[in-house]
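Worksheet: one structure, shown below.
Within every chain, numbering begins at 1; the chains are lettered A, B, ... in the order of the sequence lines, protein sequences first and strands thereafter. Keep in mind that the numbers below use all heavy atoms, side chains included, and drop hydrogens, waters and symmetry copies. Note that the coordinates shown come from a computational prediction; the quantities given were computed from them, not determined experimentally.
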Amino acid sequence: MHSIKKWFVVLAALVLAAAVLASCGPAAPTTTPSANQPSTLAKSVNLTGAGATFPAPLYTKWFDEYNKLTGVKINYQPIGSGGGISQITEGTVDFGASDGIMSDNQTAIAEVKHGHILHIPMTSGAVAIVYNLAGIGSGQLKLTGDVLANIYLKKIIKWNDPAIAALNPDLKLPDAAIAVVHRSDGSGTTYIFTNYLSRVSPNWSSQIGNATAVKWPSDSIGGQGSAGVAGQVQQVPNSMGYVELAYAVQNKMPWAKLKNAAGNYIEPSLAATTSAAIGVSLPDDMKLMLTNSSNPDAYPIVGFTWILAYANQTDKAKGEALVKMLWWAIHDGQQYNQALTYASLAPGAVTKAENEILSIKYQGQPLMTR
Amino acid sequence: MKCSDSATTSSIAVKDWSGRRGRLGDKIFLYLTFIFALIIVVILVALLIVLNVDAMPAIQKFGTSFLTSMDWDPVQELFGALPAIYGTLLSSIIALIIAVPISIGSAVFLSELAPAWIREPASFLIEMLAAIPSVIIGLWGIFVLVPFIRSPIEGWLGSHLGFLPLFQGPPFGLGFLAAGIILAIMVIPIITAVSRDVMRAVPITQREAMYALGATRWETIYRTVLPYCRSGLVGAIILGLGRALGETMAVTMVIGNSYALTSSLFSPGVTIASKIASEFSEASGDLYIGSLVELALVLFGITLLVNIIARLMVWRMVSVRNTGE
C-alpha cells in the first residue's frame with residue numbers, strides 16, 4: 001500500500017511537471033506560416049554554411065556586403081574544413097567550405113546521400129615559411145623544397161648545415177639547433193604545407209604523407225592555431241615555422257624565399273599566390289592542389305579554398321540564392337580580397353568556377369543561365 | 001567526530017526516505033529531488049554509452065594495444081594513447097609536487113596564523129585566482145611564464161642538474177615543466193580554499209586543549225589541526241588533481257604538443273585533453289574520430305580511478321581515526 005502511494009505521488013509530480021512545461025512551451029503563440037505570401041518568403045531566404053577557418057574573415061566580409069546589397073542573410077560558421085565536409089555530408093548546411101579536397105571515401109559517402117558535390121574555388125592562400133634568426137631579415141633566407149622537407153624530417157638539424165649554407169653563401173648562419181614549429185591542431189594550412197612537401201620530397205611522401213594533421217618527428221614543437229605557431233616562432237630564438245601569409249604579414253614576421261618548380265626564388269605575396277593558378281591546366285571539377293606550380297612567378301606553397309555545394313539543389317529558393325551569391329563572390333566579391341590579405345582568383349579559375357556554378361540544378365533545370 | 005559534514009546530511013536523508021511521517025509537500029519535494037539526482041546518473045550513463053559507441057571503430061581495430069602504442073599517425077591511421085596518458089599523468093604530478101606544499105602552507109597561514117585583517121582579503125584574492133578563465137592563464141603562460149622558464153629556469157637546471165635525465169635537451173620553454181607550473185597555478189587556489197575551510201572546521205576546543213597542555217603554535221598545528229582534518233586535506237588535493245588531469249586550454253597553449261614520450265621535463269609533450277582539443281575539429285574518418293573519442297574514454301577512466309583511490313584513502317583514514325579514539 002505504502003509503495004503504491006509513493007508511486008502515485010511520483011506520477012502526480014511528473015504530470016504536474018509535464019503540464020507546467022507544456023504551458024510554458026511555444027504552443028500558444030504559434031501562428032500559421034505565411035504560405036500565402038511567397039514574395040516575402042523569397043526575400044527573407046537565409047543560407048547557412050560552415051567549414052574552413054582560413055577564409056572566414058573574407059567570407060564574413062563578403063556575406064555582410066552581400067546582405068547589404070540583396071537582403072539575403074548568410075550565416076557562416078568557421079568550424080574547420082573537416083567540420084565543413086561532415087556538415088555538407090550530413091546535409092545540415094546549405095554549403096560547406098574546405099581548404100582540402102574531399103577524399104574519395106568522403107565523396108562516396110556524401111554522394112550516396114546527396115548526389116554530386118561541387119568544389120568551387122573562392123580564393124587561394126599561401127603558406128609562408130617564417131623564422132626567428134638574429135640579424136637575418138625577411139626574404140634574405142633562401143630555401144628549396146627538398147631542404148625544407150629535410151628540416152621538418154629532422155635530417156637537417158642545425159642552421160649552419162652545409163645544405164642550407166650552400167643556398168645562402170652570403171648569410172652568417174648560427175651554429176644552433178633549428179627549433180621546428182608545426183600546427184598542433186588539424187588544419188588546412190598543414191594540409192597545403194604537407195601536400196607541397198610530399199610533391200617535392202619522396203622521403204616526405206613515404207615517411208610522413210599529406211593530411212590536415214600528420215605524425216611529426218618527435219621534439220618538433222606544436223603551436224595551437226596560426227596564432228600559436230606565429231607566437232612560438234616570435235618567441236623561440238633560432239626557430240622556424242609555417243603560417244598563412246596573412247598571419248606573417250600582420251605579425252611582420254621574416255619569411256623565406258622558396259625555390260619554385262621553374263627554379264626561381266620567390267617571396268610569398270598575393271600576386272605570387274594568384275600566379276600559381278595562371279598558365280597551368282585547371283581541371284573542370286577544380287579539385288586541384290596548386291602546390292609546386294610550374295608558373296615561373298608562382299610561390300610554390302599555395303592552395304585554393306573551396307565552397308562545397310550540392311550540384312542538385314532540393315529547395316528552389318535557397319538554390320537560387322546560393323548560385324547568385326556564389327556568382328557574386330567570384331566576381332564582385334573579389335574586390336574585397338586584397339584589403340584582407342587574400343589573393344584574387346586567377347582569370348582561368350574564375351571561368352572554371354562560373355561553369356561549375358552554372359551546372360547547379362534544381363529538378364534537372366539549371367538555376368542560372370549566362 | 002567527523003571532519004566532513006557529508007556523512008551527517010546523508011544520514012538525515014536516509015531517515016526521511018525510510019518513512020518519517022511528513023506532509024505531502026515534503027514527499028513531493030523528496031521525489032522531485034530524487035528525480036533530479038537520477039538525471040545526473042542518467043547523463044553519466046548516456047555519456048559513457050555515446051563515448052563507447054563513437055570509440056567502437058578504434059576499440060575494435062586496436063584493442064588493448066591502443067593503450068601501449070606510441071603512434072599517432074592520421075595518414076596511416078595508426079593510433080595509440082601511451083604518450084598522451086604519460087603526459088597527462090606527468091604534468092599533473094609536477095603540478096601537485098609544486099602546488100601541495102604551497103597550498104597547505106598558505107591554508108595553515110590563513111586559518112591558523114594570519115591576523116583577521118589579512119585573512120579576509122587574502123582569501124578573497126585566492127578565490128579570484130580560481131575564477132580566472134584558463135585561456136587567460138594560458139595566454140599569460142605563453143607570453144610571461146614560458147620565456148621566464150626558457151632562460152632563467154631551464155638554463156640553470158640544464159647547466160647545474162643536466163646530468164639527470166629529467167633536465168636534458170634544448171630549453172624551448174614549452175614543455176612538461178611549463179605545463180606542470182601552469183597547472184600548479186590553477187590548482188593552488190582550489191587546494192588552498194578547500195584546505196583552509198577544512199582547517200577552520202577543526203573545533204577550537206581541540207586547539208585550546210593543546211595550548212593548555214603547554215604546546216607551542218607549531219605543535220598545535222602539526223599534532224592536532226593537520227591530523228584532525230587529514231581526510232579533508234586528501235579530498236582537497238584530489239579535487240586539485242581532478243582539475244589538473246582534465247585541464248585543457250591552458251595546457252594546450254604551453255605544453256608544446258609533440259606526440260612523444262621522453263624523460264626530460266624540457267621536451268614538448270601532450271596530454272589527453274590537449275590532443276582532443278587540438279585535433280577533433282579537423283579530424284575526419286571513423287577511425288581517427290574513434291581514436292580521439294577513445295582517448296576521452298581513457299581520460300574518463302583515469303579520473304574515475306583517481307576518485308576511487310581518493311575515496312578509499314579517505315575512508316581508511318576516517319576508520320583508522322575512529323577506531324584509534
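- Using a 4.5 Å cut-off between heavy atoms, A:A177 makes no contact with chain B at all.
- The two atoms that bring A:Q224 and B:A277 nearest to each other are NE2-O, 4.3 Å, heavy atoms only.
- Within 6.0 Å of CG in B:D73 there are more than 12 heavy atoms belonging to other residues, nucleotides or ligands.
- Around atom CD1 of A:I157, no more than 12 heavy atoms belonging to other residues, nucleotides or ligands sit under 6.0 Å away.
- The part of A:I79 that comes within reach of chain B is its backbone (N, CA, C, O), which places non-hydrogen atoms under 4.5 angstrom from that chain.
- The structure places CZ of A:R183 at 11.5 Å from CG of B:N257, a figure rounded to the nearest 0.5 Å.
- Counting heavy-atom pairs closer than 4.5 Å to chain B, the top residue among A:S103, A:G222, A:G188 is A:G222.
- Only the side chain of B:L174 comes within contact range of chain A, judged by heavy atoms closer than 4.5 Å.
- Contact of A:I109 with chain B is not made at all, since no heavy-atom distance falls under 4.5 Å.
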Side-chain donor-acceptor pairs of residues 74-91 of chain B under 3.5 Å, sequence neighbours excluded:
residue	atom	partner	partner atom	Å
B:Y86	OH	B:T262	O	2.9
B:T88	OG1	B:A84	O	2.6
B:T88	OG1	B:I272	N	2.9
B:S91	OG	B:G87	O	2.8
B:S91	OG	B:T88	O	3.2

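- The greatest number of non-hydrogen atom pairs below 4.5 Å with chain A, out of B:P147, B:G256, B:G173, B:P268, is found for B:G256.
- Residue A:N105: no heavy atom, backbone or side chain, is found under 4.5 Å from chain B.
- Between chain B and the residues A:G231, A:S239, A:S220, A:G228, the most heavy-atom pairs under 4.5 angstrom are made by A:S220.
- Of the listed residues (A:H182, A:Q106, A:Q232), the one with the most heavy-atom contacts under 4.5 Å to chain B is A:Q232.
- Of the two parts of B:Y288, only the side chain, counted from C-beta on, holds a non-hydrogen atom closer than 4.5 Å to a non-hydrogen atom of chain A.
- In this structure, the separation between CD1 on B:I289 and OG on A:S86 is 6.5 Å, given to the nearest 0.5 Å.
- Remark: A:Q235 CD to B:F172 CZ distance equals 13.5 Å, nearest 0.5 Å.
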